[in-house]
Amino acid sequence: MAADAVPDSWRDALAPLLATPQARKLGGFLSAEEAAGKRIYPPRGSRLRALELTPLDRVKVVILGQDPYHGAGQAHGLSFSVPEGVKVPPSLLNIYKEIESDLGIPRAAHGNLENWARQGVLLLNNALTVEEGRAGSHQNLGWEAITDAAVAAVAARAEPTVFLLWGSHARNKAARVPDLRNGRHLVLTAPHPSPLSAHSGFLGCRHFSKANAFLDANGRGAIDWRV
């Protein structure tokens, strides 16, 4: 991934990472995998969609995912999100259930979360690519340093921001960012919304109303969680 492919608002934060040997190795790996005929999701042109839709200076909320969906047509560069016309995945369905319980917003019929992203919700995965049918296949290949830098860039800003950390993977990522412990931001944790863990504390966490109350109290404006 070349530095000139990174959206302008994120370039200063991410360019040093993209110049490292590890990042060049990651780029070479992805090119070789595609040349070998492997299907990599999301497709080129969509992998930085989260950064494109949510400029650094407009981030109000960060929602951290693990890696993209690995089924055909699902991943389009935003964590937990799928294009319209694609069946809403189980984890996102539980997110919708919690929004309905917390804010009274009826569950959406589609799973495209671009409306959130355009309002300042950074929907960032830990790894930004995955091989078809192989969940987690591109973890520990170099994406983590790049996405860690993105999270750190948000946390370093003066504007109070909400970080929604669902599951141990998101909490572990946030733990690598010292600025999250300075008390300026609101950090909310809960189990992952996956059907395997949602009933252990995600459902009922009321993160969406808590996020909006914090944003309003700090003059940043609430998020409209309808999609």
Side-chain angles (χ1 to χ4, degrees), residues 49-50 53-54 58-71 73-126 135 151 154-155 159-175 177 180 183-227:
R49 188 69 172 152
L53 290 182
T54 312
R58 294 190 58 209
V59 177
K60 296 181 179 181
V61 178
V62 178
I63 297 178
L64 299 175
Q66 190 162 342
D67 59 352
Y69 296 118
H70 55 83
Q74 291 183 298
H76 67 143
L78 305 175
S79 64
F80 294 103
S81 180
V82 293
E84 291 189 44
V86 175
K87 182 179 179 181
V88 177
S91 291
L92 182 54
L93 180 59
N94 282 330
I95 291 171
Y96 285 170
K97 288 178 181 178
E98 178 56 24
I99 291 173
E100 183 175 39
S101 172
D102 189 13
L103 297 173
I105 296 172
R107 300 175 204 176
H110 65 86
N112 190 330
L113 304 181
E114 289 187 2
N115 184 52
W116 294 1
R118 295 182 192 280
Q119 294 181 73
V121 181
L122 180 63
L123 297 162
L124 187 69
N125 279 313
N126 191 42
V151 175
V154 176
E159 290 80 2
T161 301
V162 181
F163 291 79
L164 302 183
L165 310 180
W166 301 331
S168 60
H169 203 90
R171 290 195 297 273
N172 290 340
K173 187 174 189 65
V177 181
L180 281 185
R184 181 169 63 247
H185 307 300
L186 177 64
V187 180
L188 299 174
T189 64
H192 195 275
S194 160
L196 297 175
S197 55
H199 290 278
S200 299
F202 175 80
L203 296 174
C205 68
R206 302 194 63 210
H207 278 185
F208 302 95
S209 61
K210 291 175 181 177
N212 277 353
F214 178 84
L215 292 170
D216 273 337
N218 285 279
R220 301 212 63 198
I223 300 295
D224 180 357
W225 292 105
R226 293 173 293 183
V227 301

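When reading the values below, keep in mind they use all heavy atoms of this one structure, side chains included, and skip hydrogens, waters and symmetry mates. Keep in mind it's a predicted model, so treat the numbers as computed, not measured. Sequence positions, counted from 1, serve as the residue numbers for this chain.
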Any side-chain heavy atom of [X] within less than 4.5 Å of one from [Y]?
| X | Y | value |
| --- | --- | --- |
| Thr54 | Val121 | no |
| Leu122 | Thr161 | no |
| Leu215 | Val61 | yes |
| Trp225 | Asn212 | yes |
| Asn112 | Ser81 | yes |
| Val88 | Val82 | no |

Approximate separation, where rounding is to 0.5 Å, of [X] [atom1] and [Y] [atom2]:
| X | Y | atom1 | atom2 | answer |
| --- | --- | --- | --- | --- |
| Lys173 | Gln66 | NZ | CD | 10.5 Å |
| Trp116 | Asp224 | CH2 | CG | 10.5 Å |
| Leu78 | Glu114 | CG | CD | 6.0 Å |
| Lys60 | Gln119 | NZ | CD | 7.0 Å |

Residues in side chain to side chain donor-acceptor pair (under 3.5 Å) contact with Ser91, at least two apart in sequence or another chain: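 Listed in chain order: nothing, the list is empty.
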Would the distance check show the side chain of Tyr96 and the main-chain N or O of Ala109 forming a donor-acceptor pair, the cut-off being under 3.5 Å?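 Checking the backbone N and O of Ala109 against the side chain of Tyr96, no donor-acceptor pair under 3.5 Å is found.
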Keeping Glu84 on the side-chain end and Gly111 on the backbone end, is there a donor-acceptor pair under 3.5 Å?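 Judged by distance alone, no pair lies under 3.5 Å.
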For His185, what residues pass the ring-ring contact (aromatic ring centres under 6.0 Å, His included) criterion, not counting sequence neighbours?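 His185 satisfies ring-ring contact (aromatic ring centres under 6.0 Å, His included) with Phe163 only.
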How far apart are the closest heavy atoms of [X] and [Y], and which atoms are they?
| X | Y | result |
| --- | --- | --- |
| Ser194 | Asn94 | C-ND2, 3.9 Å |
| Ser79 | Asn125 | CB-OD1, 3.4 Å |
| Asn115 | Arg226 | ND2-O, 2.8 Å |
| Pro191 | Gly201 | CD-C, 3.6 Å |
| Leu165 | Val187 | CD1-CG1, 3.5 Å |
| Pro193 | Ala198 | O-CB, 3.5 Å |

Indicate the ring-plane relationship of Phe202 and His207, choosing parallel, tilted or perpendicular according to the 30° and 60° boundaries.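 The rings of Phe202 and His207 stand perpendicular, inter-plane angle above 60°.
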Start with the C-alpha gap between Phe208 and Ile95, add the side-chain angles, then the distance that decides, and say whether side chain to side chain contact (heavy atoms under 4.5 Å, CB included) holds. CA-CA 10 Å; Phe208 302 95; Ile95 291 171; 3.8 Å; yes
If you count the non-hydrogen atoms of other residues, nucleotides and ligands that lie under 6.0 Å from CZ in Arg107, is the total more than 12?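 Atom CZ in Arg107 is packed in, count exceeds 12.
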Pairs flagged by salt bridge (charged side-chain N to carboxylate O under 4.0 Å, His left out) wherever residues 200-222 is involved - sequence neighbours left out: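 Only Asp102-Arg206 qualify under salt bridge (charged side-chain N to carboxylate O under 4.0 Å, His left out).
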When the aromatic ring centroids of His192 and Phe80 are compared, is their separation below 6.0 Å?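 Distance test on ring centres: under 6.0 Å, yes.
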Side chain to side chain contact (heavy atoms under 4.5 Å, CB included) for Leu92 and Leu113? Distances and angles first, verdict last. CA-CA 10 Å; Leu92 182 54; Leu113 304 181; 4.0 Å; yes
